[in-house]
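The structure under discussion appears below in the form of structure tokens.
Treat the numbers as computed from the prediction; the structure is a model and nothing was measured.
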Amino acid sequence: MKTVIVALNSKFIHSALAPWYLKANCMPECGEVKVMEYSINEMIDSVLAGIYEESCDIAAFSCYIWNIEYVLKIADNLKKVLPKVKIILGGPEVSFNAFEIMDKNSCIDYILSGEGELTFGQLLRALINKSIEPDSIKSLTYRDGDHLVLGEEYAIIEDLNMIRSPYSEEMFYNVGNKIVYYESSRGCPFDCSYCLSSTFKGVRYLSMERVKSDILAFIKAGIKMVKFVDRTFNCNLERAKQILSFVIDNAGSTHFHFEAAADLFDNEMMDILSKAPTGLIQFEIGIQTTNSKTLIAVNRKTRLNEVFFNVQKLNRLGNVHLHLDLIVGLPYEDYESFRKSFNDVYELGPQQLQVGFLKLLKGSRIRAESDKYGYNFRNYPPYEVLSSNYLSFGEISKLKCIEDMVERFLNSGRFNKTIDYLIKGFFASPFDFYEKLSKYFKRSGYFDRSLSSRDLYTIVLEFAQKIEIDIDLKIVNELLKFDFLLSNNTNNLPAGLTRNMDLGFKEKCFDFLKNEEYILKYIPHFEGIPAKQIYNKVHFEMFLNDITNENVMESKNTVILFDYTNSNDVTGHFNFSKVPIA
């Protein structure tokens, strides 16, 4: 018997964890098991053909809000072209309404609710060995002739160390350069009403020996990014310290991302983090809102003062990448309240600020309480809020446009100096800036066009020119130029940006590159290389202001050397130096 476990990821850069866990825990008596990974951006016919060519007896799918509609289409068509194939679904998107899913989709034969590492293998053995009754698997919903038999429970594996590690050479080979997901624990000690983790009490942990072994395997394999998916990585602070210390002590080229609660950090943890190489550690911190009434309503126990204090300390360390989260649509958070939450969090200076929109997930308490808060939400995945007693659909639409601006201009990391200058000098608040920029985008029809990253520099310059604020456009030009050259290894500037080079500038640059003292001081890795060869790998640009200085208003001709041989792994920015060229 041959089984294929199909993962349909939301993006190409993502990898799947669940199917590899399932495969790793299938014993030889389960028959041949193969994992196939795709993304939902691929053509359905191409994915269908790939599965069909495997001539499998069983096709299993992990189901989430981002792929359930795609999965059901694939499953329906697969049953038509392979009528004898047995189709198994599992995952959070089918675990809470297995009967309904199977009732509406006759192509589905089995649904496993909950954690499937142990029950999946049991089901495969039952399908091979007809003497094993499917009703012995308590989390299984299945067809018995024309009748549906509903599973009695949601499977939970109390001892995570019972399940085998999925991180095999085969998995690493298939993952390639994609993000690898890792869980050192399951569950969450907190009870936020919008999160599925709140439906189960307690936290279960892998042994520290197992975690350390897996971390070393990631580093040895040269995995670029490992993303811990523990719901609150540092809920057990001493354990978190051990893991972070181990990651830092064994630092290689692998970066590690953790979802953490900032109010649980202590001085010892800060001291540990201070020793981390820059960019090794990334923290995603879900602040969600700064409205205290909202936090109480969703049962989120966050000590905001400690959160802000610790995030500021992390920022001062300068070596940790910070990703902060907000959620639009929570109870009691109207447009003005969200404006305040946005400004409060933005001022903390994260490298990324994610503006998410409330999803009323199946099984979550907030979905059960939707009438209480007047929620209207999409009745199909991802079940996102449309309106509530506190936000109209129109206001949510405006916030969607603002979120788009944040993604393009803050989270891209391509406009740091320009945006900082504009917000601090000419707008009442960060929210005010992104709100006005989004209105300009809409008025100009830019939301309806495909825009390149180059186009965005031109648009910011246009925005500064047309908005009714007295902005020094020469400084905006210089800052946009710097931001562009810092992120793009080309000296071909976007439309509208101007440069300030005299006729002898190129010769002065060559004179600089022929000076061994300068080479050793500014770009020592080019030592002994002819100036002509170096010139093709760097770029010199003349600025009318010293844009490396806090006071960018001061007029002072400044030459910046951009080194395009290497970029920072975390920021994507190239190295630069202010150099003495008159």
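Lys359 pairs by the salt bridge (charged side-chain N to carboxylate O under 4.0 Å, His left out) definition with Glu384, not counting sequence neighbours. Among residues two or more places apart in sequence or in another chain, the salt bridge (charged side-chain N to carboxylate O under 4.0 Å, His left out) test is passed with Glu115 by Arg186, Arg204. Listed by chain and number, the residues in a salt bridge (charged side-chain N to carboxylate O under 4.0 Å, His left out) with Lys84 amount to none (sequence neighbours excluded).
The existence of a salt bridge linking Lys293 and Glu333 is excluded, since no basic side-chain nitrogen approaches an acidic carboxylate oxygen closer than 4.0 Å.
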Exercise. Evaluate the criterion side chain to side chain donor-acceptor pair (under 3.5 Å) for residue pair Lys301 and Asn299; output intermediate values, then yes/no.
Key: CA-CA 6 Å; Lys301 296 176 174 62; Asn299 203 36; 3.2 Å; yes
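Sorted by first then second residue, the ring-ring contact (aromatic ring centres under 6.0 Å, His included) pairs that include residues 57-76, not counting sequence neighbours, are Tyr64-Trp66. Evaluation of the side chain to side chain donor-acceptor pair (under 3.5 Å) test over residues 15-40, restricted to residues two or more places apart or in two chains, returns Asn9-Glu37, Trp20-Glu37, Lys34-Glu54.
None of Arg367, Lys362, Arg378 except one satisfies the side chain to side chain donor-acceptor pair (under 3.5 Å) rule with Tyr383; the exception is Lys362.
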Would you list the atom pairs, donor with acceptor, under 3.5 Å between side chains in residues 171-182 and any protein atom, with sequence neighbours excluded?
residue: Asn174; atom: ND2; partner: Glu170; partner atom: O; Å: 2.7
residue: Tyr182; atom: OH; partner: Asp214; partner atom: OD2; Å: 3.0

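Heavy-atom contacts from other residues, nucleotides or ligands closer than 6.0 Å to NZ of Lys73 number 12 or fewer.
Nearest heavy atoms, Ile65 versus Glu93: CG2-OE1, 3.2 Å.
The aromatic rings of Tyr373 and Tyr332 stand perpendicular to each other, their planes meeting at an angle above 60°, with 30° marking the opposite boundary.
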